[in-house]
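One-based numbering along the sequence shown. Each ligand, and each atom within it, is numbered from 1 in the order the structure gives.
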Amino acid sequence: VRTLVIGTAGHIDHGKSTLVKALTGTDPDRLKEEQARGITIDLGFAHVDLGDASVAFVDVPGHERFVRNMLAGAGGIDAVLLVVAADESVMPQTREHFHICRLLGLERGLVAITKADLVDRDTLGLVELEIRDLVAGSFLEGAPMLPVSARTGVGLDALRDELTRAAGAPARVDREGVVRLAIDRVFSVRGFGAVVTGTLVSGRLEVGAELLVLPDERRVRVRGLQVHGRSQEFVVAPSRAAVNIGTVDVEELSRGMTLASAGTLPVTRRVDVKISLIDGTHALRHGARVRVHHGTREVLGRVSIGAVRSGVEEEWQPARPGEAGVSVPGGGDAFARLRVDRPVVVTRGDRLVLRAASPLATIGGAVVLDPEPPAGGLRRQSALDRFLGIDDERRVVAIWLAEAAGRGLVPDDLVRRAGLGRTRADRTLVALERDGLACRGGDRFFDAAWIARIEAGVSRALAAFHQAAPLEPGLSREALRDQVARGASPAAWDLAIARLLSAGVIRGTDRLALASHTATPGENDERDGRAVEAQVAAAGLQLLDMTTLVQKTGLAAPVVDRIVRGLARTGVLVRLGPLVGHRDALTQLKDDVRRVKEEGGAGPATIDVAAFKGRYGLSRKYAIPLLEWLDRERVTRRTGDVRVVL
Ligand SMILES: Nc1nc2c(ncn2[C@@H]2O[C@H](COP(=O)(O)OP(=O)(O)OP(=O)(O)O)[C@@H](O)[C@H]2O)c(=O)[nH]1
Ligand SMILES: [Mg+2]
């Protein structure tokens with residue numbers, strides 16, 4: 001079936017509800033108070049099948065005091081039926097409702113001139129002119145405009161034809177099954193549990209589906225579905241739907257919440273937007289409080305202005321640091337950050353309507369550019385550049401990648417933050433990779449410039465390391481990471497290293513080195529190495545500490561340190577705690593201690609500290625570390641005060 005969800009709009013008493021009833025047979029004014037007072041207060045719903053087209057109506061109140069209810073209804077519709085009474089023509093809420101539809105980004109609609117039975121032909125012509133004047137240059141310019149009378153039935157067939165024609169257009173935003181339903185009513189049905197109704201603006205809703213109620217993130221399962229009173233297994237956007245979500249306390253549900261697939265929509269209190277003010281409204285000051293309407297939700301928020309232009313043709317003027325009294329003039333635009341009191345569920349491209357708190361009036365609208373902007377001030381040189389960037393479809397993701405640095409982005413981040421379907425999110429990142437702006441590591445994408453910086457950092461760090469320790473074969477992967485890319489995700493780090501390895505810039509596995517580095521001693525190292533070795537060899541078992549070695553060789557301490565480490569790795573020198581001995585002297589010692597066994601009589605051969613000192617003419621300072629070393633080398637084993645020679 002072809003579907004259409006159409007909302008009424010227009011001034012109080014202009015015949016919106018009467019027209020809906022004439023077309024559908026259902027009186028959308030369901031409340032007792034509405035019946036008694038003859039006005040609409042809250043949203044009303046009705047539906048009619050016109051051939052193969054299923055048309056759902058969301059009827060809104062025209063009263064000035066109930067604009068917030070009108071906004072809740074207008075938030076989900078595909079098209080508007082703008083109603084203007086022939087005997088009153090364009091009135092204040094005709095204008096306000098029309099602006100709201102325009103600010104919500106509606107693209108389709110019809111105009112009905114109601115109560116045509118009350119005026120003559122000339123008056124009707126004048127009313128038509130006034131309406132054409134109002135909608136000139138907007139999405140309603142050139143829209144069908146039909147005089148109708150609910151009383152005589154004139155024009156109703158023509159209106160039905162136009163509604164049939166309008167049905168069947170795809171949902172305004174296609175996000176490949178990402179479910180999004182703005183809840184407008186909540187009630188409980190005895191024996192069934194909680195039911196929420198709303199307009200399904202995106203996706204395919206199925207019985208059995210696991211969804212979240214946002215912003216609370218409550219998990220629910222779809223127990224049953226109804227569309228216009230008929231049970232269905234599934235429903236596809238755009239459509240009205242009543243969803244049974246079982247045993248949820250209805251006290252915890254309310255209009256303004258969203259039913260959605262998990263992980264597909266941000267829950268946020270900070271949103272970067274582009275604001276457009278209606279012509280002729282008061283200026284919007286920096287720091288002003290506004291009512292923010294989105295879908296069926298209304299929250300209070302504060303506006304921080306980053307940049308202003310007085311008209312589409314004008315240049316953007318950044319708000320300078322410390323500048324007071326920044327404001328957006330009527331008809332002007334602003335790049336701004338909204339901070340809202342309670343979380344909203346919005347993604348990029350969503351439309352918001354802004355109303356001034358006092359006097360209460362619709363002043364403008366906003367398009368969401370970034371629902372999850374990084375914290376930080378807007379009064380900076382870079383802020384305008386960022387706003388211009390995120391306002392550009394082709395640049396926004398590259399900016400988010402750069403901001404994500406070593407954390408990177410996965411396609412699901414774009415589903416959530418950019419309001420894309422999964423396939424388009426994938427494609428967007430792959431296109432950036434192809435253009436050389438992104439690098440892929442596993443399922444994560446990183447800013448190519450950031451990866452390049454890490455690669456350069458690795459090269460620099462290794463070059464410095466080789467310079468300081470030419471005898472070392474390389475630096476451990478972990479030590480290198482701590483130096484260069486602390487905080488980067490393992491995927492980002494692995495990617496940078498893999499790229500350097502495959503480019504032949506570095507080599508190694510656990511220890512990494514520049515490919516150009518060879519761990520051979522330099523000219524001086526060889527000479528200095530011989531000097532160090534000679535001193536240690538000459539000392540024999542009178543082990544040397546580093547200070548003594550530096551004195552005896554006359555070399556700088558770091559050089560001695562580096563050489564000792566190099567010679568220790570190749571086994572020429574042996575470290576015994578802070579002391580150093582020569583391999584030859586120590587090997588000789590091992591052989592000699594083993595000989596104690598041959599010298600002794602029956603029973604195990606033993607040697608104690610005093611005997612050891614005596615035998616080799618050593619002070620305790622050297623005897624203890626040597627004996628402990630012999631223990632470690634399994635030449636001796638300590639038992640009490642003596643050592644058994646093994
Ligand atoms: N003569 C005449 N009267 C009409 C026609 N349509 C509606 N009316 C009358 O206009 C009055 C208001 O009609 P409603 O349908 O309640 O107007 P509304 O636009 O829904 O009003 P709100 O929802 O309160 O904004 C009622 O008394 C209707 O009987 C029409 O085509 N011709
Ligand atoms: Mg009404």
What protein heavy atom sits nearest [atom], and how far off is it?
| atom | result |
| --- | --- |
| atom 17 (O) of ligand 1 | Gly15 N, 3.1 Å |
| atom 21 (O) of ligand 1 | Asp13 N, 3.0 Å |
| atom 13 (O) of ligand 1 | Thr18 OG1, 3.3 Å |
| atom 29 (O) of ligand 1 | Arg151 NH2, 4.0 Å |
| atom 16 (O) of ligand 1 | Gly38 O, 3.8 Å |
| atom 31 (O) of ligand 1 | Ala150 N, 2.8 Å |
| atom 8 (N) of ligand 1 | Lys115 CE, 3.7 Å |
| atom 24 (O) of ligand 1 | Thr40 N, 3.0 Å |

Within the structure, does Gly62 bring an N/O atom to less than 3.5 angstrom of an N/O atom in ligand 1?
-> yes
Check whether any N or O atom of Ser17, backbone or side chain, sits under 3.5 Å from an N or O atom of ligand 1, and answer yes or no.
->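 Yes; at least one N/O pair falls below 3.5 Å.
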Would you check whether Asp117 reaches within less than 4.0 Å of ligand 1, judged by its heavy atoms?
->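 Within the 4.0 Å threshold, so yes.
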Determine, for Glu298 against Arg342, whether the closest basic-nitrogen to carboxylate-oxygen distance falls under 4.0 angstrom.
->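 Salt bridge: no.
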Would you say Thr8 reaches the Mg ion (ligand 2) with an N/O/S atom under 2.8 Å?
->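 Under 2.8 Å: Thr8 has no N, O or S contact with the Mg ion (ligand 2).
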Confirm or rule out an N/O/S atom of Ser17, from backbone or side chain, lying less than 2.8 Å from the Mg ion (ligand 2).
->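 True for Ser17.
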What do the steps show when you test Ser327 against Arg285 for side chain to side chain donor-acceptor pair (under 3.5 Å), and what is the final call?
-> CA-CA 4 Å; Ser327 66; Arg285 280 176 302 102; over 6 Å; no
Which segment of Leu118 sits under 4.0 Å of ligand 1 when only heavy atoms are counted = side chain
How does Ile12 reach ligand 1, by side chain, by backbone, by both or by neither, if only non-hydrogen atoms under 4.0 Å count?
-> both
Verify the distance criterion only: is there a donor paired with an acceptor across the side chains of [X] and [Y] at less than 3.5 Å?
| X | Y | value |
| --- | --- | --- |
| Asp59 | Thr8 | yes |
| Glu88 | His14 | yes |
| Ser17 | Thr40 | yes |
| Thr362 | Arg355 | yes |

Which ligand 1 atoms does Ile39 reach within 4.0 Å, using its non-hydrogen atoms?
-> 24 (O)
Has [X] got a side-chain atom pairing as donor or acceptor with [Y]'s backbone, closer than 3.5 angstrom?
| X | Y | value |
| --- | --- | --- |
| Glu34 | Leu31 | yes |
| Asp350 | Thr347 | yes |
| Arg223 | Ile245 | no |

Quick one: closest heavy-atom pair of Glu141 and Ala136, and the distance?
-> OE1-C, 3.3 Å
Minimum side-chain heavy-atom gap Val344-Arg297 below 4.5 Å = yes
Heavy-atom protein contact below 4.0 Å for atom 27 (O) of ligand 1 =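 Under the 4.0 Å cut-off, atom 27 (O) of ligand 1 has no protein heavy-atom neighbours at all.
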From the candidates Lys21, Lys16, His11, the one that places a heavy atom nearest atom 18 (P) of ligand 1 |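 Looking at heavy atoms only, Lys16 sits closest to atom 18 (P) of ligand 1.
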